[in-house]
Amino acid sequence: MGDDDLTAMLQPAASRVRDPLTGRSVWLANMIRNPRPKGDDLIYDLHFEAEHSVDDRQRIAQAVEGNLRELGFSGKVYAMPAGAPPRMPGGRAPSGPAGAPPKGDPVKGMSGPGMGPHGGPIQKAPIEGVKHIIAVASGKGGVGKSTVSTNLAVSLVQQGFAVGLLDADIYGPSVPTMMGSSQRPMVDPATKQILPVESHGVKCLSMGHLVDPEEAMIWRGPMVMSAVRQFLQQASWKGLDYLIIDLPPGTGDAQLTLIQAVDLSGAVIVTTPQPVALADAVRGITMFRKLEVPLLGVVENMAYYELPDGTKDYVFGRDGGKDVAQRFETELLGQIPLQTSLRQGGDAGVPVALNEGPVADAFADIAKAVHAKVAGA
Ligand code: ADP
């Protein structure tokens, strides 16, 4: 199908959807803008006024997509919300993402519609057939979040659990490399479900398979969520004890939307011990607390480097993660050393937790602690 055919389909699809504000079709109301085909997929801007409620927004995007399907479109459809954010009930429209955080908001972007701990418009959806969903988060990139996600997943498998790993870090998806699961996932022709790629006993899916990370850099929360939702709701996760979600680093709009939309059993925070990383870790902890997601504990990564004579060099400072865990009255789940084998294992797609040794034992302990907290074992 050519680019022109793809965009031409939008007109009949959008002409059949009514805009509740103007009473016209969303096509004639000029809400559909800038369609841009990408391979077999279609991206377009869906332009709203502040008076469009969150429900209106979801309903319109879904209706347009439904009509596209009826017209035979089989690619992915991304409706990028544009225009004004929804007006809060009885109040002004909130300021845009560039606005300063409102007073008393400890994390930028944590106030506004849908950000309340109770009953925001974002619905938490359980994932069919999955017992527990665990988020692995970090305040900043490069601290070892994916290393912990992959090794935690493998350790849980070794302890007899059925485990899935969803790499939602659209800004730097590294799970395919670290798990050796870089094949594109297949779709089951009968159920139309995405089939995760199984590696080391873990069912893996990565956003890297769905989106181009360079393009994703500018995505806002709802766009990230619509991409993640495809993997959460349309993949074959049935029968899992644990689904680990490797979150994008940080505490921005994308993370908030995702965390609010998923029924998380708990979150693991990964940090390195130096002060700059800890400040970001604290923001992460605050975010989960505010969203009422149970904090399972902190993993301090790159905690020390063991010298040949057995002494420890605290390259990034000592016990920073431990101190943060104490301060926030949560568990220090483990202190993982800086070790070449960890990096090599990640690069080779063979997580160190698969081998024997003190680091594998440390990850096994983290997995046991997570299970004990989540399942009350
Ligand atoms: P993040 O997910 O936080 O961005 P990664 O897990 O991708 O971080 O880690 C970044 C890099 O650092 C990777 O190459 C990884 O193999 C390496 N790395 C992570 N933890 C360790 C460690 N404890 N020792 C050595 N290398 C590590």
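Atoms within each ligand, like the ligands themselves, are counted from 1 in listed order. Owing to the predicted nature of the structure, the values given are computational and were not obtained by experimental measurement.
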Discussion item. If the test is side chain to side chain contact (heavy atoms under 4.5 Å, CB included), which one of Ser181, Pro248, Cys204, Pro176 qualifies with Asp167?
Written reply: Pro176
Looking at [atom], what's its closest protein heavy atom, distance included?
{"atom": "atom 4 (O) of ligand 1", "value": "Gly142 N, 2.8 Å"}
{"atom": "atom 2 (O) of ligand 1", "value": "Ser146 N, 2.8 Å"}
{"atom": "atom 6 (O) of ligand 1", "value": "Thr147 OG1, 2.6 Å"}
{"atom": "atom 22 (C) of ligand 1", "value": "Leu342 CD1, 3.6 Å"}
{"atom": "atom 8 (O) of ligand 1", "value": "Gly144 N, 3.1 Å"}

Worksheet item: Does atom 11 (C) of ligand 1 have a protein non-hydrogen atom under 4.0 Å from it?
Response: no
Worksheet item: What atoms of ligand 1 come closer than 4.0 angstrom to any heavy atom of Leu338?
Response: 23 (N), 24 (N), 25 (C)
Worksheet entry | Enumerated ligand 1 atoms positioned under 4.0 Å from heavy atoms of Pro337 | 22 (C), 23 (N), 24 (N)
Worksheet item: For Thr150 and Val154, what are the C-alpha separation, side-chain angles and deciding distance, and is it a side chain to side chain contact (heavy atoms under 4.5 Å, CB included)?
Response: CA-CA 6 Å; Thr150 49; Val154 165; 5.6 Å; no
Discussion item. Side chain, backbone, both or neither: which applies to Gln339 and ligand 1 if a contact is any heavy-atom pair less than 4.0 Å apart?
Written reply: backbone
Fill in: Short N-O contact, Arg343 and Asp347, less than 4.0 angstrom
yes
Worksheet item: Are Asp19 and Arg24 ion-paired here, with the side-chain N under 4.0 Å from a carboxylate O?
Response: no
Among [options], whose heavy atom sits nearest [atom]?
{"atom": "atom 20 (N) of ligand 1", "options": "Thr271, Asn301, Thr272", "value": "Asn301"}
{"atom": "atom 7 (O) of ligand 1", "options": "Glu300, Arg343, Met178, Met302", "value": "Met178"}
{"atom": "atom 1 (P) of ligand 1", "options": "Lys140, Lys145, Gln335", "value": "Lys145"}

Worksheet item: When the ring planes of Phe161 and His371 are compared, do they come out parallel, tilted or perpendicular, using 30° and 60° as the limits?
Response: tilted
Discussion item. Any side-chain to backbone donor/acceptor pair from Lys192 onto Pro189? Under 3.5 Å, distance only.
Written reply: yes
Discussion item. Please check this pair: side chain of Trp27 against backbone of Ala13, looking for a donor-acceptor N/O pair closer than 3.5 Å.
Written reply: no
Worksheet item: Got a second to check how far Asn301's CG is from Gln335's CD, nearest 0.5 Å?
Response: 11.0 Å
Fill in: N or O pair under 3.5 Å between Ile336 and ligand 1
no
Worksheet item: Has ligand 1 got any nitrogen or oxygen that is less than 3.5 angstrom from a nitrogen or oxygen of Thr340?
Response: no
Worksheet entry | Side-chain donor-acceptor pair present, Ser53, Asp55, cut-off under 3.5 Å | no
